[in-house]
Structures are given as C-alpha cells and as structure tokens.
Visitor: 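For reference, the structure I am asking about is given below.
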Amino acid sequence: MPENQQAFPSGSSVKGTRRKGRELALQALYQIEITGDASAAAVDLFLEHFEGNARAKEFARRLVSGVVSQRPAIDQRVAQCTDNWKLARLAKVDFVILRMATYELVFCPDMPSSVSLDEAIEIGKRFSSAESAAFLNGVLDQVAQSSAVKSE
C-alpha cells in the first residue's frame with residue numbers, strides 16, 4: 001500500500017483532509033479576526049465544535065498558528081499586492097483567505113503553490129462570493145510572483 005494511503009483512514013485523502021483543514025482554519029481565523037482572541041485554547045475550543053478528522057484539525061492548527069505568528073509579514077505582503085485597496089476595506093472573509101493562502105505561498109515550502117492558489121479560490125467561492133474568486137486569484141498571483149516562492 002502506498003505511504004500516503006496508510007496515513008489516511010479509508011475514504012479519506014490528503015486532498016480532502018487538507019481542504020477540510022483549510023476550511024476549519026478559515027473559520028477559526030475569521031473568529032480570531034472578530035473576537036481578537038488568538039489563544040491556542042480558543043482555537044482548540046473552536047475546533048472541538050466542528051466536524052473534521054484529527055489530521056484535518058491538526059492541519060488547521062498549523063495554518064492558524066502560522067498565520068497568527070506571521071501576520072505582520074503576511075499583511076505587509078498582501079498590502080503590497082492589493083493596488084488601490086486598503087486592507088481594512090476588504091471583506092473579512094476575503095482578507096482571511098488572502099492571509100491563509102499567503103502564509104502557504106510564502107512560508108510552507110512543502111505545499112505546491114498551484115495547490116495553495118487553487119484551494120484559496122475554491123474556498124473563496126464557497127465561503128465568499130463568486131466575484132471574489134477573480135479578486136483572490138489576482139492578488140494571490142501577485143503574491144506568488146513577488147516573492148521567492150517555493151519551486152513547484
């Protein structure tokens with residue numbers, strides 16, 4: 001049996017687990033944005049109340065922790081790539097998706113850039129609006145091009 005199949009329960013996949021983890025991370029980061037509480041206890045409490053296997057929740061914790069710890073650098077990079085937009089005026093959901101995807105693009109060499117971009121756009125379609133997908137794609141494409149992004 002291939003190694004990646006051993007690591008995931010039957011009916012689960014790396015893609016499905018990571019998608020669920022990204023969705024959980026988005027929701028947890030949105031909660032942090034609204035409440036201002038980025039403590040590990042608050043994130044754990046949040047994750048206890050949502051469905052997802054242990055691997056999805058662990059991936060969500062990784063993303064949330066990374067975004068919180070790198071927030072100033074992430075926000076600076078997003079601001080540089082959002083011409084004519086003040087960060088405070090962005091839709092909160094879109095801003096959180098931008099933060100999360102920027103974290104993946106810049107700080108996660110183990111994740112292919114194309115996957116990070118595609119996932120952000122798909123999650124944007126689900127949690128934001130259809131119009132936000134083009135906006136997210138444009139900004140994240142600039143983030144990817146403007147940084148020494150990991151090679152594919």
Visitor: Using the rule that Ile, Leu, Val, Met, Phe, Trp and Tyr join whenever any side-chain heavy atoms are under 4.5 Å apart, tell me whether I121 and V78 fall into a single cluster.
Guide: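 In one cluster with I121: V78, no.
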Visitor: Between F127 and Q27, is there a side-chain heavy-atom distance shorter than 4.5 Å?
Guide: yes
Visitor: Same cluster or not: are V67 and L45 linked, directly or through other Ile, Leu, Val, Met, Phe, Trp or Tyr residues, by side-chain heavy atoms under 4.5 angstrom apart?
Guide: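 As far as the 4.5 Å side-chain criterion goes, L45 and V67 are not connected within one cluster.
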Visitor: So which atom in Y103 and which in C108 form the shortest heavy-atom distance, rounded to 0.1 Å?
Guide: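 Here Y103 and C108 meet closest at CE2-SG, 3.3 Å.
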Visitor: For the pair C81 and S146, evaluate side chain to side chain contact (heavy atoms under 4.5 Å, CB included) and give the outcome as yes or no after the intermediate values.
Guide: CA-CA 8 Å; C81 296; S146 70; 3.8 Å; yes
Visitor: Output, in order, the C-alpha distance, side-chain angles, deciding distance and verdict of side chain to side chain contact (heavy atoms under 4.5 Å, CB included) for T82 and Q142.
Guide: CA-CA 9 Å; T82 50; Q142 286 186 44; over 6 Å; no
Visitor: Below 4.5 Å, heavy atoms only, C-beta onward: do V143 and V106 meet side chain to side chain?
Guide: yes
Visitor: With side chain to side chain contact (heavy atoms under 4.5 Å, CB included) as the test, would you mind laying out the steps for S113 and S116 before giving the verdict?
Guide: CA-CA 5 Å; S113 298; S116 298; 5.6 Å; no
Visitor: Taking only residues two or more places apart in sequence or in another chain, which ones pass salt bridge (Lys or Arg N to Asp or Glu O under 4.0 Å) with D37?
Guide: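 Once residues adjacent in sequence are excluded, D37 has no partner under the salt bridge (Lys or Arg N to Asp or Glu O under 4.0 Å) criterion.
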Visitor: Where do F107 and A73 come nearest, in terms of heavy atoms and distance?
Guide: CZ-CB, 4.2 Å
Visitor: Nearest heavy-atom pair of I32 and V68: which atoms, and what distance?
Guide: CD1-CG2, 4.1 Å
Visitor: Please report the interatomic distance CG(N137) to CG(D118), rounded to the nearest 0.5 Å.
Guide: 8.5 Å
Visitor: Of the non-hydrogen atoms in L117 and D141, which two are nearest, and what is the gap between them?
Guide: CD2-N, 4.2 Å
Visitor: Between R99 and E33, does any NZ, NE, NH1 or NH2 come within less than 4.0 Å of an OD or OE carboxylate oxygen?
Guide: yes
Visitor: Taking the side chain as everything from C-beta on, heavy atoms only, tell me whether T17 gets closer than 4.5 Å to F59.
Guide: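 In short, these two side chains do not touch, never coming nearer than 4.5 Å.
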Visitor: Measure across G124 and L136 and return the closest heavy-atom pair with its distance rounded to 0.1 Å.
Guide: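 Taking every non-hydrogen atom into account, CA-CD1, 3.8 Å.
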Visitor: Measure the CZ-OG1 distance between R71 and T102 for me, rounded to the nearest 0.5 Å.
Guide: 13.0 Å
Visitor: Identify whether the distance between the nearest side-chain nitrogen and carboxylate oxygen of E104 and R22 falls below 4.0 Å.
Guide: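 R22 and E104: salt-bridged.
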Visitor: So, for Q31 and A42, which heavy atoms are closest and what is the spacing to 0.1 Å?
Guide: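 Closest heavy-atom pair between Q31 and A42: NE2-O, 4.1 Å.
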Visitor: Closer than 4.0 angstrom, basic N to acidic O: yes or no for E51 and K20?
Guide: no
Visitor: In plain terms, say whether E119 and R18 are close enough for a salt bridge, that is, a side-chain N and a carboxylate O under 4.0 Å apart.
Guide: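 No, no charged N to carboxylate O under 4.0 Å.
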Visitor: In a check of salt bridge (charged side-chain N to carboxylate O under 4.0 Å, His left out) between E58 and each of R61, R62, R55, which one passes?
Guide: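 The option that passes is R61.
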Visitor: Has S128 got a side-chain atom pairing as donor or acceptor with K125's backbone, closer than 3.5 angstrom?
Guide: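 Flag not set: sc S128 to bb K125 has no pair under 3.5 Å.
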Visitor: Is there a side-chain contact between I123 and R19 (heavy atoms, below 4.5 Å)?
Guide: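 Side-chain contact under 4.5 Å: yes.
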Visitor: Mind checking whether L29 and L26 have side chains closer than 4.5 Å, heavy atoms only?
Guide: no
Visitor: Does any part of the side chain of T35, heavy atoms only, come nearer than 4.5 Å to the side chain of Y30, both counted from C-beta?
Guide: no
Visitor: Is the backbone of L47 close enough, under 3.5 Å, to the side chain of K57 for a donor and an acceptor to pair up by distance?
Guide: yes
